Amino acid sequence: MTTLEKFIQIKNIYLSSLKVITKSNATFVKYQSVLDDFEKCLSNYFADEQAAEITSQMIFKYSETAKQRGIKNNTLRHYLTIIKTFLSWSNEHKFYFEQPIIKQDMPKKDRIEYDLLTQDEINLILSGKIPKYTKHPNRNRAIVFLLLLTGLRVSELINLHYEDIDFDNYTLTIIGKGNKKRTTALPSIAIKSLESYINQGFSTTNKGELLFKNKDNKSFSEQNISQIVERYVEKLTGHKNIRSHDLRHAYASLLITNNIPIPHISQALGHSNWETTAIYASHLCPQKQVSEINNVFNNMFT
């Protein structure tokens, strides 16, 4: 059996196990994609290799070809972490006996540069004005408002149902990563945008009905939503290349700058650990940290 054949065999066993263990389909799909990508590298460069283990040379070759394909350091770190997790599982189950990926093999993190919406751009979006020539205007406005005013992940928005909205108590129930349920605030302006959409473009309010569907009456893909957001925001503000996730960043940034406690923001975003939110905050609002620290010392001498 070649190294490639052995890897494919173990990979399939691992993915079958992962499908049972993980609560998130998105996690399963990502792991499968990365391991398939690594398999291609083995097929291209080590197809006839007879090694019993995955070697450091194979990992180095994968990293090298990934960079040649334009994969960024942060993404490559994520890919290698997934492969390392797979290999650790394989070690524990005695399929492999070595772990070729060590800490020093991980590329250094690149600093993430966030392209945030300005306050004026956010105000323009929330004014309710809809860009000219927008198909399905009420639906698209409701999508943008929900992402911007609740910090939803795109995957969470896609899976929203009509009954998840509590119009009386201004809340939204969300099924997040790992099927974890949370309830978050739903501002009145978001409620109004949803009411306009439901009254004019929503076919039914039956229980279990997806809130947003495409023209074929099926759920949107994440790419569909990203295209809607990018076109809507660019036409309205002129700000190009705003992704759906950038609206989540804008939401977090607004809460941080308005002094909402980190644990509350963590709950709203669906972070499993508030320390993740603290890191998020340090990237999104460094100017707030500078201002607050300066104020401490300035106030001592005034």
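On a predicted model such as this, the values are computed, not experimentally measured, just so you know. Position 1 is the first residue of the sequence; numbering continues from there.
Nearest heavy atom pair, residue Leu152 against residue Leu147, reads O-CD2, 3.6 Å. A pairwise comparison of heavy atoms in Ser219 and Ile158 identifies CB-CG2, 4.2 Å as the closest pair. Shortest non-hydrogen contact noted between Leu76 and Tyr62 is CD1-CE2, 4.3 Å. Between Pro131 and Tyr232, the shortest heavy-atom distance links the atoms CG-O, 3.4 Å. Summarising the geometry of Leu80 relative to Ile101, their closest heavy-atom pair is O-CD1, 3.8 Å, with the distance given to 0.1 Å. A pairwise comparison of heavy atoms in Ala250 and Leu148 identifies CB-CD1, 3.7 Å as the closest pair.
Ring-centre distance between Phe38 and Phe7: below the 6.0 Å cut-off. Checked against a 6.0 Å centroid threshold, the rings of Phe212 and Phe220 do not count as neighbours.
At a threshold of 4.5 Å between non-hydrogen side-chain atoms, the residues Asn44 and Lys61 do not count as touching. In this structure the side chain of Leu146 reaches within 4.5 angstrom of the side chain of Leu157, judged on heavy atoms. Proximity of His161 to Glu209: side-chain heavy atoms (C-beta onward) are nowhere separated by under 4.5 Å. Side-chain atoms of His78 and Asn74, non-hydrogen and from C-beta on, never get closer than 4.5 Å to each other. Side chains of Ile54 and Ile83 form no contact here, defined as non-hydrogen atoms less than 4.5 Å apart. The side-chain heavy atoms of Val229 and Asn140, taken from C-beta on, include no pair separated by under 4.5 Å. Contact annotation: the side chain of Tyr14 never approaches that of Leu87 to less than 4.5 Å [non-hydrogen atoms, C-beta and beyond]. Taking 4.5 Å as the limit, every side-chain heavy atom of Asp246 sits out of range of all side-chain heavy atoms of Leu116.
A salt bridge does not link Glu195 to Lys192: none of the charged side-chain nitrogens sits closer than 4.0 Å to a carboxylate oxygen. Salt bridge absent: Lys84 and Asp105 never bring a charged side-chain N and a carboxylate O closer than 4.0 Å. Contact check on Glu230 versus Lys235 returns no salt bridge, with no Lys/Arg side-chain nitrogen under 4.0 Å from an Asp/Glu carboxylate oxygen.
Listed by chain and residue number, Arg69 satisfy the salt bridge (Lys or Arg N to Asp or Glu O under 4.0 Å) test with Asp37 (two or more places apart in sequence, or in another chain). In this structure, Gln227 has no side chain to side chain donor-acceptor pair (under 3.5 Å) partners at least two apart in sequence or on a different chain.
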message: Quick one, Ser88 with Gln99, criterion side-chain hydrogen bond (donor to acceptor under 3.5 Å, both in side chains). Give me CA distance, side-chain angles, the key distance, then yes/no.
response: CA-CA 7 Å; Ser88 294; Gln99 173 56 269; 3.0 Å; yes

- request: For the pair Arg153 and Arg248, evaluate side-chain contact (heavy atoms from CB on, under 4.5 Å) and give the outcome as yes or no after the intermediate values.
  value: CA-CA 7 Å; Arg153 300 178 178 93; Arg248 181 170 162 86; 3.5 Å; yes

query: How far apart are the C-alpha atoms of Arg182 and Thr173, what are their side-chain angles, what is the distance that settles it, and do they pass the side-chain contact (heavy atoms from CB on, under 4.5 Å) test?
result: CA-CA 6 Å; Arg182 71 182 189 276; Thr173 299; over 6 Å; no

query: What do the steps show when you test Phe86 against Leu18 for side-chain contact (heavy atoms from CB on, under 4.5 Å), and what is the final call?
result: CA-CA 10 Å; Phe86 159 74; Leu18 185 64; over 6 Å; no

Derivation and outcome, salt bridge (Lys or Arg N to Asp or Glu O under 4.0 Å), residues Glu156 and Lys180: CA-CA 11 Å; Glu156 295 168 344; Lys180 294 178 181 177; over 6 Å; no

task: Give the C-alpha distance, both sets of side-chain angles, the deciding distance and a yes or no for side-chain contact (heavy atoms from CB on, under 4.5 Å) between Leu160 and Leu172.
output: CA-CA 9 Å; Leu160 282 178; Leu172 183 68; 4.1 Å; yes

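Linking ILVMFWY residues whenever their side-chain heavy atoms come closer than 4.5 Å, directly or via other members, leaves Ile143 and Ile175 in distinct clusters. Hydrophobic clustering (ILVMFWY, side-chain heavy atoms < 4.5 Å, transitive): Phe60 and Ile82 are in distinct clusters.
When the shell of 6.0 Å around CD of Gln223 is examined, it contains 12 or fewer heavy atoms from other residues, nucleotides or ligands. Crowding of Phe97 atom CZ: a count of heavy atoms from other residues, nucleotides or ligands under 6.0 Å exceeding 12. Within a 6.0 Å radius of OH in Tyr170, other residues, nucleotides and ligands contribute 12 heavy atoms or fewer. At most 12 non-hydrogen atoms from other residues, nucleotides or ligands lie less than 6.0 angstrom from CG of Asp48. No more than 12 heavy-atom neighbours from other residues, nucleotides or ligands sit within 6.0 angstrom of CD on Gln57. Atom NZ of Lys177 is surrounded by 12 or fewer heavy atoms from other residues, nucleotides or ligands within 6.0 Å.
Between the CD1 atom in Ile242 and the CG atom in Leu236 there is a gap of 12.0 Å [rounded to 0.5 Å]. One distance of note links CD of Gln267 with OG of Ser272; it measures 11.5 Å at 0.5 Å rounding. In this structure, CD1 on Ile265 lies 5.0 Å from CD1 on Ile256, to the nearest 0.5 angstrom. With rounding to the nearest 0.5 angstrom, the OG1 atom of Thr134 is 10.5 Å from the CZ atom of Arg139. We find the NE2-CG distance between His249 and Leu117 to be 11.5 Å, quoted to the nearest 0.5 Å. In this structure, the separation between CE on Met58 and CZ on Phe46 is 5.5 Å, given to the nearest 0.5 Å.
No side-chain donor-acceptor contact under 3.5 Å links Asp36 and Gln32. With hydrogens and angles left out, the side-chain atoms of Arg141 and Asn138 include a donor and acceptor closer than 3.5 Å. Side chains of Lys218 and Asn214: a donor-acceptor N/O pair is absent below 3.5 angstrom, by distance only.
Proximity of a side-chain donor or acceptor of Asn169 to a complementary backbone N or O of Thr171 within less than 3.5 Å is not detected. Side-chain atoms of Ser266 do not come within 3.5 Å of backbone N or O of Ile262 as any donor-acceptor pair. Without hydrogens or angle criteria, Thr118 side chain to Glu121 main chain gives a donor-acceptor distance under 3.5 Å. Remark: side-chain polar atoms of Asn258 are not paired, donor with acceptor, to backbone N or O of Leu255 under 3.5 angstrom. Side-chain atoms of Thr3 come within 3.5 Å of backbone N or O of Glu49 as a donor-acceptor pair. Distance alone, capped at 3.5 Å, is enough to place a donor-acceptor pair between the Ser226 side chain and the Glu222 backbone. At least one donor-acceptor pair under 3.5 Å links the side chain of Thr81 to the backbone N or O of Arg77. A donor-acceptor pair under 3.5 Å is absent between the side-chain atoms of Lys181 and the main chain of Ile174, judged by distance alone. Side-chain atoms of Thr257 come within 3.5 Å of backbone atoms of Ser253 as a donor-acceptor pair (strictly under, hydrogens ignored).
His93 and Phe95 have parallel rings, their planes meeting at less than 30° on a 0 to 90° scale where 60° marks the start of perpendicular.
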